[in-house]
Amino acid sequence: MKVLGIESSCDETAASVVEDGRILLSNVVNSQIDIHAQYGGVVPEVAARSHIEVVNPVINQALADAQLTWDDIDAIAVTYAPGLVGSLLVGTLAARTLALLKKKPLFPIHHVEAHVYANFLNNKAPEFPMLALIVSGGHSQLVLFRDHGDYELLGQTQDDAIGEAFDKVAKIIGLPYPGGPAIAAAALDGDPFAYPLPKAKLAGAYDFSFSGLKTAVLRAVQREVGVDITFPSHELAGLLSDVQRDNFAASFQRIAIETLVDKTQRAFTAYNPKSVVIAGGVAANQELRRQLSERLPLQIDYAPMNLCTDNGAMVATLGYYYAQKKQPTNPFDLEVIPSLSMTKTTW
Ligand code: KG4
Ligand code: ZN
């Protein structure tokens, strides 16, 4: 079964064809990073307009790269939640129209759940029960999957998402957007023990909090450059030396990643899963992969970097499993849900 997956929930317009939920036939991603970098973050209105311009060419390219025509496509899967409303509307409208026009079954996909399914494109599919650490720009959560579509949220961030913390700390220390890759690169040259930073203590055993860590970085930067708290924070960065910047990047990254791994290790001990997967943009982080592999007593099969950030392949892959168990949705009825969390099974 060949599924076309369409993704447009944030600042990537993406389409991909996946066969039987495991063979990647094409994967086209049009990133808007260059457009948004000049503003220091994603501008929703600009994102929606850019999706409109490229959504059709991206879909056509996904078919062409797979050397397929519409006759070969068995179903369409599209991200309908969560995300930026204007961005979600463009992808879903394209998918709804194509489903009607080409007479294909349509499956609405939850973006965060789809991130987990990038791991099903590995050589060997993860086994259930599967513990998933989902770490993206908008989410930080630990989810236990007992089967496809049967999952339980164990814990999540109480404030900032981990990717958001990377992006905000990057801004404080003068690194470009997106902050995750920029901090990871700077951290390679820094001392991860240069600055002592706190780990949040929370009531929920598997919950996270990153806003205190972000503020702790800001205060430490202010102390380091000797400028008072009322000084505009965006001007602080210019006062840091390259060495200080690299040291802050490395110290922040170490503590942020340790926090994730502490909770993942705790959940692993409590639930004894057969596999552990990481998903979302921050799953591309090498320090996260290093610490997890070092501290968990099982081999983790990591998804390739390009499938960790937003893409259509993860959407098509989850779409395949939906197609095995669920009825397709009526294209006329599909609505976007910008803030649907992944608290319980949606199947
Ligand atoms: O999953 P994603 O592409 O979009 C959302 O659904 O949010 O994740 C984007 C996030 C951004 O916050 C970005 O800074 C972060 O993933 N990110 C990283 C790395 N690559 C991307 N964070 C840490 N280390 C990386 N190598
Ligand atoms: Zn994402």
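Worth knowing before you read on, the calculation uses all heavy atoms, side chains too, and leaves out hydrogens, waters and symmetry mates. Every number for a ligand or one of its atoms is a count from 1 in the order of the listing. In this chain, residues are counted from 1 in sequence order.
Cluster note: L121 groups with V18, L24, L307 through ILVMFWY side-chain heavy atoms spaced under 4.5 Å, whether in direct contact or through intervening members.
Classification of K2 and D20 as a salt-bridged pair fails, no side-chain N sitting under 4.0 Å from a carboxylate O. Salt-bridge check for K168 with D160: passed, with a basic side-chain N closer than 4.0 Å to an acidic carboxylate O.
Using modelled atom types and a 3.5 Å distance limit, the side chains of H148 and Y117 yield a donor-acceptor pair. Side-chain contact check for Q38 and Y177: no donor-acceptor pair (N or O, by modelled atom type) lies under 3.5 Å. Under the 3.5 Å distance criterion, with hydrogens and angles disregarded, no donor-acceptor pair is assigned to the side chains of S8 and H51. With no hydrogens or angles considered, no side-chain donor-acceptor pair links Q286 and R289 at under 3.5 Å.
Inspection of the environment of the Zn ion (ligand 2) yields the following protein N, O or S atoms under 2.8 Å: H111 NE2, H115 NE2, D310 OD1.
Around ligand 1 you find H111, H115, S136, G137, G138, G163, F166, D167, P178, G179, G180, P181, G280, G281, V282, A284, N285, T309, D310, each with a heavy-atom distance below 4.0 Å.
Listed by first and then second residue, the side chain to side chain donor-acceptor pair (under 3.5 Å) pairs involving residues 122-145 amount to none (not counting sequence neighbours).
When ring centroids are compared, Y80 and H110 stay outside the 6.0 Å threshold.
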